[in-house]
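A note on names: the letters A, B, ... follow the listed sequences, proteins ahead of strands, and every chain is numbered from 1.
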Amino acid sequence: MFIMTHNQVRVRFAPSPTGPLHIGGVRTALYNFLFACQHNGSMILRIEDTDQNRFVEGAEDYIIDALKWCKIEFDEGIHQGGNYGPYRQSERKDIYHRHIQQLIASGKAYYAFDTPDELEIMRESLKARGETNPKYDYQVRAEMKNSLSLSGEEVEKLKAAGTPYVVRFKMSENEIVEADDIVRGKIKVNTATLDDKILLKTDGMPTYHLANIVDDYLMKISHVIRGEEWLPSLPLHYMLYEAFGWEPPKFAHLPLLLKPEGKGKLSKRDGDRLGFPVFPTQWIDPKTVEEFNGYREDGYLPEAFINIIAMLGWNPGTEQETFSMQEMIKAFNLEKVQKAGARFDPEKAKWFNHYYIQQKNNDELADSYLTILKKHGHTTSKQLAKRIVELIKERANFIHDLWNQSWFFFESPKEFDDKTIKKKWKQDTPEILKELRSLLEAVEDFTSENLQNQTHAFIEDKKLGFGKVMVPLRICLVGKAAGPDLMEMMEILGKDEILKRIDFALNNIQKEHNN
RNA sequence: GGUCCGUUCGUCUAGUCAGGUCAGGACGCCAGGUUUUCAUCCUGGUAACAGGGGUUCGAAUCCCCUACGGACUACCA
């Protein structure tokens with residue numbers, strides 16, 4: 001009898017430390033987190049490091065730091081402990097061994113001594129017999145070297161001699177497994193198409209299949225939310241729960257994130273070559289010292305990044321598409337998760353980030369701005385930083401655009417855009433600018449408001465068009481036809497700097513551009 | 001090859017489970033407007049139910065087939 005004393009939601013994010021997380025992994029973590037928060041449940045970080053050969057230095061720290069940047073937090077895990085530890089599978093070997101003994105004792109699993117060569121021979125001979133899908137299953141296990149085909153005595157002898165062995169699951173022969181998935185509904189598979197999966201490897205480590213079932217059970221995981229690549233092994237996992245006599249948790253298999261150019265799921269190796277990062281934050285490969293950019297380094301705000309990946313595969317069914325973390329937690333629903341894979345769209349990502357930059361208040365933005373200025377060798381007051389940020393933020397798609405849109409407040413233009421000059425720098429332009437210069441020089445009250453009045457009066461007085469005056473002035477100050485409000489710029493830059501830039505432009509813009 | 005999963009504008013998607021508004025939104029793109037430039041912003045437009053059979057008065061929606069795509073098929077997770 002299974003009595004649930006509580007229906008506490010407990011979910012886990014269980015990466016293997018084989019490198020940085022890519023955005024698909026972050027999304028899986030995010031959905032787990034949203035689900036846990038919504039149900040007042042617990043979010044657990046478990047490290048699946050049962051393959052010692054693939055361990056990558058620094059990957060664990062990367063995972064924790066990157067998720068922290070995303071504001072995805074854990075209640076239990078390798079970094080903060082909890083009542084269900086240890087949370088690193090490599091530290092749970094004895095637990096797996098105890099459980100594997102249980103399966104062997106009940107006849108659900110068996111020792112196998114076959115060497116890689118022998119396995120290869122088995123596969124080849126099956127193929128020769130016309131078997132399209134050769135596998136270690138009920139049809140061949142009696143012919144193999146294992147504790148089902150050998151006598152107990154022989155098995156003991158082999159073990160005593162230190163012969164390497166694995167433990168395999170004894171898959172039932174002809175049974176329909178009906179597995180349930182929250183995203184996809186019922187999935188039926190005949191166990192005859194399944195094989196006797198290895199549960200314990202020669203090195204004494206469990207495989208994913210064993211470790212994941214044992215840990216999820218022991219850690220009281222209520223919902224397993226993971227990538228679609230696990231769907232084919234769901235029937236096996238159901239059989240394992242049954243073999244242990246445990247009730248399985250609920251499952252939800254998330255659609256894959258696809259490569260934008262066409263084929264296959266996004267992989268870590270896609271690196272930077274796609275034109276957008278695949279990692280949340282920068283990753284430097286410890287062996288090759290190769291650097292991969294992250295969303296953080298590319299100027300994305302974490303709020304935007306999270307929103308972008310959340311919408312890749314989920315949608316609340318309303319027309320809302322910008323969500324704070326709190327709003328997402330409220331609106332999230334596993335049943336509204338998409339079945340088909342999604343492709344990342346860099347253009348829409350840009351739009352999201354622009355939106356979040358607009359949402360950010362000038363105070364916070366000014367802090368980031370001051371950091372960027374420092375990188376470019378400049379500094380200014382917080383007050384002025386706020387003022388500039390207010391002026392230019394609507395033009396910024398990424399954090400670094402704050403600099404691209406405002407460098408001219410700190411550096412005077414040394415070059416002038418040819419195209420703009422050809423179009424806007426007329427024969428009479430120098431003369432007009434000289435007159436404007438004298439006018440500006442005489443202005444006492446150098447505020448945007450007053451400058452506005454003065455220049456407008458000047459333009460009307462001379463019966464000139466705005467474009468005839470303002471664009472050339474802008475060229476003097478910025479070097480091209482770009483940038484925020486001219487009058488505001490002039491006030492910030494100050495009279496001396498304005499006059500200097502006009503003089504420099506007049507002296508350097510070539511006469512041959514005339515006409 | 002086998003097993004499983006999937007398929008609505010170029011992209012992300014609503015609508016499917018309880019068949020019944022010109023298939024809705026967003027990004028992009030195009031056009032127009034605002035603006036002293038560029039960008040933003042505003043308005044409008046463009047564009048999709050993979051194909052074929054059924055069931056039904058009626059199908060994007062239910063059933064079957066086909067095509068296409070994907071995942072898995074390791075002593076990797």
Side-chain angles (χ1 to χ4, degrees), chain A residues 14-18 48-51 53-54 89 112 114 116 119 127 131-135 164-168 179 181 183-185 187-190 192-195 197-209 211-212 226-235 253 255-256 258 260 262-265 308 311-322 335-336 338-352 354 358 392-397 401 405 420 424 452 455-456 459 465-475 478 480-487:
Chain A
S16 54
T18 54
E48 311 224 320
D49 57 347
T50 53
D51 185 353
N53 302 323
R54 294 208 306 157
Q89 290 184 329
D114 315 276
L119 291 174
K127 266 189 209 168
E131 178 64 63
T132 57
N133 187 26
K135 56 189 190 300
Y165 66 88
V166 299
V167 177
R168 284 181 183 270
D181 182 87
V183 176
R184 285 151 224 281
I187 291 152
K188 287 182 202 169
V189 179
N190 191 320
T193 65
L194 272 23
D195 61 348
K197 272 276 174 313
I198 290 174
L199 299 178
L200 198 72
K201 300 184 268 186
T202 308
D203 65 1
M205 279 290 195
T207 58
Y208 170 84
H209 303 294
N212 134 75
R226 76 231 296 196
E228 188 188 326
E229 66 269 27
W230 294 112
L231 202 53
S233 43
L234 184 58
H253 288 87
L256 267 10
L258 275 15
K263 309 204 159 190
K265 67 170 177 175
I308 292 161
M311 301 311 285
L312 253 30
W314 167 78
N315 151 306
T318 65
E319 281 178 4
Q320 182 180 0
E321 52 185 338
T322 54
E335 282 167 27
K336 297 215 66 109
Q338 211 69 21
K339 290 186 182 74
R343 249 172 274 273
F344 182 89
D345 179 2
E347 283 304 321
K348 188 140 190 186
K350 192 203 277 182
W351 175 83
F352 267 112
H354 176 263
Q358 308 321 304
I392 59 164
K393 73 176 189 184
E394 67 186 21
R395 326 169 82 83
N397 290 320
D401 286 336
Q405 295 292 342
T420 318
K424 301 288 185 180
Q452 172 101 341
T455 46
H456 281 210
I459 288 165
F466 278 90
K468 213 155 165 56
V469 180
M470 298 299 227
V471 178
L473 177 59
R474 184 177 288 281
I475 293 171
V478 182
K480 59 183 173 182
D485 184 85
L486 254 185
M487 304 305 150

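Contact annotation: the side chain of A:S16 never approaches that of A:D51 to less than 4.5 Å [non-hydrogen atoms, C-beta and beyond]. Put simply, the side chain of A:M470 does not reach to within 4.5 Å of the side chain of A:K424, judged on heavy atoms. A 4.5 Å side-chain heavy-atom check between A:T455 and A:V469 finds every atom pair outside the cut-off. Using a 4.5 Å heavy-atom cutoff, the side chains of A:K197 and A:T207 are not in contact.
Dashed line: the shortest gap from a side-chain N or O of A:K336 to OP1 or OP2 of B:G15 is under 4.0 Å. Taking 4.0 angstrom as the limit, A:T50 places a side-chain polar atom (N or O) nearer than this to OP1 or OP2 of B:A77.
Going from the C1' atom of B:U37 to that of B:G44 covers 25 Å, rounded to whole Å. Comparing the C1' positions of B:U3 and B:G20 gives a spacing of 39 Å, expressed to the nearest Å. If you take atom P in B:C64 and the same atom in B:A48, they sit 28 Å apart, rounded to whole Å. Across the P atoms, B:U16 and B:U7 are found 14 Å apart, a figure rounded to whole Å. Separating the P atom of B:C4 from that of B:U43 is a span of 50 Å, rounded to the nearest Å. Only the P atoms considered, B:G1 is 26 Å distant from B:C63, to the nearest whole Å. Nucleotides B:A14 and B:A26 are separated by 11 Å at their C1' atoms, to the nearest Å. Taking atom C1' in both B:A31 and B:C17, one finds a spacing of 42 Å when rounded to whole Å.
Looking at the side chain of A:P232, the nearest of the listed nucleotides B:A77, B:A71, B:C27 is B:A71. Ranking B:C27, B:G2, B:C76 by closeness to the A:T132 side chain, first place goes to B:G2.
Shown here are the ring-ring contact (aromatic ring centres under 6.0 Å, His included) partners of A:H354, two or more places apart in sequence or in another chain: there are none. Evaluation of the side chain to side chain donor-acceptor pair (under 3.5 Å) rule for A:Y208 yields A:R226 as partners, not counting sequence neighbours. In this view, A:T420 and A:D417 satisfy the side chain to side chain donor-acceptor pair (under 3.5 Å) rule, not counting sequence neighbours.
In a base pair of the Watson-Crick type (N1 to N3 plus N6-O4 or O6-N4) or a G-U wobble (N1-O2 and O6-N3), with each distance short of 3.5 Å, B:A77 is matched with no nucleotide. Base pairing annotation: B:A18 forms no Watson-Crick or G-U wobble pair, as no partner gives both donor-acceptor distances under 3.5 Å. When both distances must be under 3.5 Å, the Watson-Crick or G-U wobble mate of B:C27 is B:G10. Pairing for B:A71 goes to B:U3, judged as Watson-Crick or G-U wobble with the two contacts each under 3.5 Å. When Watson-Crick and G-U wobble pairs are counted only if both distances are under 3.5 Å, B:G32 pairs with B:C42.
Scanning all heavy atoms of the two residues, the minimum distance from A:T50 to A:P206 falls at CB-O, 3.4 Å.
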Could you write out each protein N or O paired with an N or O of nucleotides 36-40 of chain B at a distance under 3.5 Å?
unit_1 : atom_1 : unit_2 : atom_2 : d
B:U36  : O4     : A:D485 : OD1    : 2.1
B:U37  : O2'    : A:A481 : O      : 3.0
B:U37  : N1     : A:R474 : NE     : 3.3
B:U37  : O2     : A:R474 : NE     : 3.4
B:U37  : O2     : A:A481 : O      : 3.3
B:U37  : O2     : A:A482 : N      : 3.0
B:U37  : N3     : A:R474 : NH1    : 3.2
B:U37  : N3     : A:R474 : NH2    : 3.1
B:U37  : N3     : A:G483 : O      : 2.7
B:U37  : O4     : A:R474 : NH2    : 3.2
B:U37  : O4     : A:G483 : O      : 3.0
B:C38  : O4'    : A:A481 : O      : 2.9
B:C38  : O2     : A:R395 : NH2    : 2.0
B:C38  : N3     : A:R395 : NH2    : 2.1
B:A39  : N1     : A:E394 : OE2    : 3.1
B:A39  : N3     : A:R395 : NH1    : 3.4

Contacts under 3.5 Å, N or O only, protein and nucleotides 9-13 of chain B:
unit_1 : atom_1 : unit_2 : atom_2 : d
B:C12  : OP1    : A:R343 : N      : 3.0
B:C12  : O2'    : A:M311 : O      : 3.0
B:U13  : OP1    : A:G313 : N      : 2.6
B:U13  : O3'    : A:Q338 : OE1    : 3.4
B:U13  : O2'    : A:N315 : ND2    : 2.6

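Heavy-atom neighbours of A:K480 NZ from other residues, nucleotides or ligands within 6.0 Å: at or below the threshold of 12.
Taking atom CZ of residue A:F352 and atom C1' of nucleotide B:A26, one finds them 8 Å apart after rounding to whole Å. Rounded to an integer number of Å, the gap from CG of A:L231 to C1' of B:G6 is 10 Å. The distance from atom CD of A:E131 to atom C1' of B:U3 is 12 Å, rounded to the nearest whole Å. Rounding to whole angstrom units, CG of residue A:D181 and P of B:C72 are separated by 16 Å. Whole-Å rounding puts the A:W351 CH2 to B:A26 P distance at 9 Å. The separation between A:K135 atom NZ and B:G2 atom P is 12 Å, rounded to whole Å. Between the NZ atom of A:K265 and the P atom of B:A77 there is a distance of 14 Å, rounded to whole Å. When the P atom of B:C75 is taken as reference, atom CZ of A:R54 falls 14 Å away, rounded to whole Å.
Taking for each of A:E319 and A:N190 the nucleotide of RNA chain B with the nearest heavy atom, the 5'-most of the two is the partner of A:N190.
Looking only at distances, a side-chain donor or acceptor of A:Q320 sits under 3.5 Å from a matching main-chain atom of A:T322. Using a distance-only test at 3.5 Å, with no hydrogens or angles considered, no donor-acceptor pair links the side chain of A:E394 to the main chain of A:Q358.
Counting non-hydrogen atoms under 4.0 angstrom, A:V189 reaches the backbone sugars and phosphates but no base. Base engagement by A:D114 is indicated by at least one non-hydrogen atom pair under 4.0 Å involving a base atom.
Residues from residues 197-206 of chain A lying near RNA chain B, meaning a heavy-atom separation below 4.0 Å, are A:I198, A:K201, A:T202, A:P206 in numerical order.
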